[in-house]
Protein chains: 2
Amino acid sequence: MSASRGRPGASAVGAALPAEDAAPRIARDSFEPAYAQLAGILRARIVRGEFQAGDRLPTETELVATYGLSPMTVRRAIKVLLDERAVSTVPGRGTFVEAATIQAAAFDLGSFHALLADPATNIRVLETRVVSASGRPAAMLGVAPGTPVTMIRRLLLRGEEPRLYHRQWRIADPGHPDVDAELGVAGLRDLFEGRVGVGPKRGRLRLYASALRGEEARRLGSELGHPAFVLEHLFFGFDDRPLSWGLFVSRGEDLHFETTVGFAPAPGAG
Amino acid sequence: MSASRGRPGASAVGAALPAEDAAPRIARDSFEPAYAQLAGILRARIVRGEFQAGDRLPTETELVATYGLSPMTVRRAIKVLLDERAVSTVPGRGTFVEAATIQAAAFDLGSFHALLADPATNIRVLETRVVSASGRPAAMLGVAPGTPVTMIRRLLLRGEEPRLYHRQWRIADPGHPDVDAELGVAGLRDLFEGRVGVGPKRGRLRLYASALRGEEARRLGSELGHPAFVLEHLFFGFDDRPLSWGLFVSRGEDLHFETTVGFAPAPGAG
DNA sequence: AAGTGGTCTAGACCACTAT
DNA sequence: TAGTGGTCTAGACCACTTT
């Protein structure tokens, strides 16, 4: 694709050190590993438009020669860009620049976690009791209706502002010594941050938009039917059977998820 | 479950094929690369509970000896688990099993993309015209109010069912030859899938819960104030200035995002 | 001092793609 | 046949942590 996109002397002239936009060399005495430097250099060349979506990057052999690195180190730099979805490789053909697409984007739960990590956040346990499982909780936990399960209702407040309403059902396990710890702040934080030696092995999360129902609206100080975010979580124990199910509910305006596609404005080495 | 941590004869006996829970060897003639096999073996040992959250994995030196691989190959296997957030490494101390936490989860736009990729999905362009920028679009695009911009309104239907309402504003570029292509299906798909040689370099996405407004409710066949998902997208051109801004709106019940934390039920080699 | 992960080399062979 | 990425080896040196 397109002929003279390659900058003059980019690969032919090696010793000459052209003007301000010269291809940087690898600084062997830098704190930054060589593979990271090369990844940064290639990233910068893509951001500058020197390589555009669909263009082929220099081959690994060329990069080895150009930057004076071993093949493994060059491959590692390319792996970095591969992980960033900035390029893709085709065996036998080459390495190609990817276009920035929405599809590649992913939202993490940073805003959820920021709320929990905030020292101004208080967790108030509204209720803890053993109930007979029924309806949705029974179905999600895979137990027969009537089975005793532990139900916990919590409210997360930022200062005095209610932000998250949380309802959780858990298989009642008389032999489990950690149930008490799970009722308070620690138990909730563990859901996010994990705790060594205990806690679920795997889980499924589901995020959707809904409307505030009765108690949710009341607890969150909003009106019925107000837009809401719901995050459902289902965790499994070591026997691969459901251990706990629950949901976080927030007002729609209290929470949002952000992410980027493609490169950040000024990404590293350049 | 955690009885025989160091398995007898793990490296000494090579030909003998012990019972069902024997540590598998690396099959050198397999289509599966050695590093992937080792990652699968370690993953299976974690899933079995042989290593639990916080436990230290065998050192790289031990893994080299046990499985007969070179250090680089062992490191590569660990890098796989590192990328999965299944383990973390601490220089000078070792490699440790991570707990499955909500924090590590990320939602991708698979459900958005599935809708677009579905052959039953139709895209109907409701309107295309040049308007004077004002309010939110002008602010997001960083242009003075009154600047001419191209506005596009689309409706995505699954069969005859309206599913997504899309509004987009774009810097009007008379010299841009691809504007026409962007108006229809292709332009929208490009937002997700990218197209070689054109398209934005980077963008920002924002996902939030809201309520359907006037035309959104009408077009989606729902009532005002109905729970809604909104995905805002802002794309930048090569000059790092905003190029297009817009939002997808769906009814809350039409869209949801799912993900998992920790390992899948039966993850690979075991 | 011993052990750990982190980086890097300078080759090798392979499967696949293009010409 | 030549070139590409994919895998792998058998070492090396480093910074860091633990004993």
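Here is the naming used below: chain letters follow the sequence lines, and residue numbers restart at 1 for every chain.
Contacts with DNA chain C (heavy atom under 4.0 Å) in residues 69-77 of chain B: B/Met72, B/Arg75, listed by number.
If you measure from atom CD of B/Glu60 to atom C1' of D/dC16, you get 14 Å, rounded to the nearest angstrom.
In this structure, B/Glu232 and B/Arg204 have side chains that are not in contact, with every pair of non-hydrogen atoms separated by 4.5 Å or more.
Residues forming a salt bridge (charged side-chain N to carboxylate O under 4.0 Å, His left out) with A/Glu98 (at least two apart in sequence, or on another chain): none. Every residue was checked against the salt bridge (charged side-chain N to carboxylate O under 4.0 Å, His left out) condition with B/Arg85, not counting sequence neighbours, and none meets it. When the salt bridge (charged side-chain N to carboxylate O under 4.0 Å, His left out) test is applied to B/Glu62, no partner is found at least two apart in sequence or on another chain. Remark: A/Asp108 pairs with no residue by the salt bridge (charged side-chain N to carboxylate O under 4.0 Å, His left out) rule, at least two apart or across chains.
Mapping B/Leu82 and A/Arg93 onto DNA chain C via the closest heavy atom, the residue that lands nearer the 5' end is B/Leu82. Comparing A/Arg28 and B/Thr61 along DNA chain C, the residue whose closest nucleotide (by nearest heavy atom) sits nearer the 5' end is B/Thr61.
Between B/Phe257 and B/Phe107, the two ring planes are perpendicular [angle over 60°; tilted spans 30° to 60°].
The line from CZ of B/Arg75 to OH of B/Tyr35 is 15.5 Å long, rounded to the nearest 0.5 Å.
Judged by distance alone, the side chain of B/Thr259 and the main-chain N or O of B/Ala106 form a donor-acceptor pair under 3.5 Å.
Chain B approaches DNA chain C within less than 4.0 angstrom (heavy atoms of the protein), and the contacting nucleotides run 5' to 3' from C/dG3 to C/dT9.
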